[in-house]
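Structure first, commentary second.
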Amino acid sequence: MTVLALALAMLLLLWAGVLLAFARPLAARWREPVFRQPILIIESDDWGAGPLAQADALTRLTDTLQGIRDRSGRPALMTLGVILEVPDGPRIAATRCTEYHALPLADPRFDAVRAAIQSGIQAGVFVPQLHGQCHYWPPALMAAASNNPGLRDWLAAPEPASTEGLPSPLQSRWVDASSLPSNALPDDAIQRAVATEAADYEALFGSAPQVAVATTFVWTDAVEAAWAQGGIKAVITPGRRATCRNAAGQPGCVDATMLTGEHSLAGQAYLVRDVYFEPALGHAPQRLLGALQARTRQGRACLVETHRFNFLQAPDASLAALEEGLKAALNVCPDVRFLSPLELMRAIRQRDPAWIEIRLKPRLAAWRARLDEIPRFRRLSRLSGLALPLALLESRA
Ligand SMILES: [Zn+2]
């Protein structure tokens, strides 16, 4: 055997070794569905019970989104992660902050907010989904308030509260973060809470919630099991599941990572939302386009996270940035389609050939584009030269 043949055999062995070492993440990204066209979903959390100024913000969003349409004629969609209650400040104040009382979204004080949500739904631009009964776990909030005057003031405020003002750990609904690291909640308390919020959601929107997104992306198997009983079929994730708040108050105890189309133990489809667009924090419209192009190369839908605070704190600039970003996306990617998470889930489940790619070459190209996100694989494939043949997959598509 010549030296050259031996060197080639060694190289192939090295590549095989690298591929084998990363077999699991590589196979998972091969199994992950590949979408045939660019898909853009704007997801906006925290709407519902809260400041009354939301009514005006929602109406302006509806007007803006209606004016932007994909090539099927559909207006730009925005999912609304809905919150169903805030503290009833005057009633809590009357107990000297010893008892929690809720001000529900169904209260007449929120008539204008609910009407703005409903008219956006009827206009085909809003798609509600469950964010939670409240953006906190009430007993944890009350426990934390017992030795925190600032929290007591927040709880007792006369106007419907903005949960954005709470310390971040307390904004997690599915752990007790009254002390850190957080403690898990009892399973039966989670089940009761989910049953209540699913029923309240149905009473408001006329049908049970089917998509859920946990506040601050902290949730557990027990929450997913309760969601399944409440009718939740799809769970919005950032690609990983944090199950606690750690000693520093950060989301921690990550016990799972997921790709779009994978399933929870309780059977829900996971969808990954990993693009952040918060104009009030300085994110430029171009960010939407860049993310859409990158996800499209990966054969993935582009799920964009944004929050109501943008449209309350800096309404003019945030609306303008959103409009500009969506129009840029349509200009550069005229095939882009606006879909709801539930429609995305159904396309995956039914392997709908209108949406899901089955041809080998585009699937290989999307797979190759997904591999760079596996950090050690990226480095090793470059060092070993494996990146060169892999690059051919992308260029041949
Ligand atoms: Zn939230």
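Whatever order the structure lists ligands and atoms in, that order sets their numbers, starting from 1.
The distance from the Zn ion (ligand 1) to the nearest N/O/S atom of Asp46 is under 2.8 Å. The Zn ion (ligand 1) has an N, O or S atom of His131 under 2.8 Å away, backbone or side chain.
Between the NE2 atom of His131 and the CZ atom of Arg308 there is a distance of 9.0 Å, given to the nearest 0.5 Å.
Annotation: cation-pi geometry not satisfied between Arg36 and Trp355 (NZ/CZ under 6.0 angstrom from ring centroid, within 45° of ring axis).
No other N/O/S atom of His135 lies as close to the Zn ion (ligand 1) as NE2 does.
For Thr220 and Thr243, the side-chain atoms include no donor-acceptor pair closer than 3.5 Å. Under the 3.5 Å distance criterion, with hydrogens and angles disregarded, no donor-acceptor pair is assigned to the side chains of Asp335 and Gln37.
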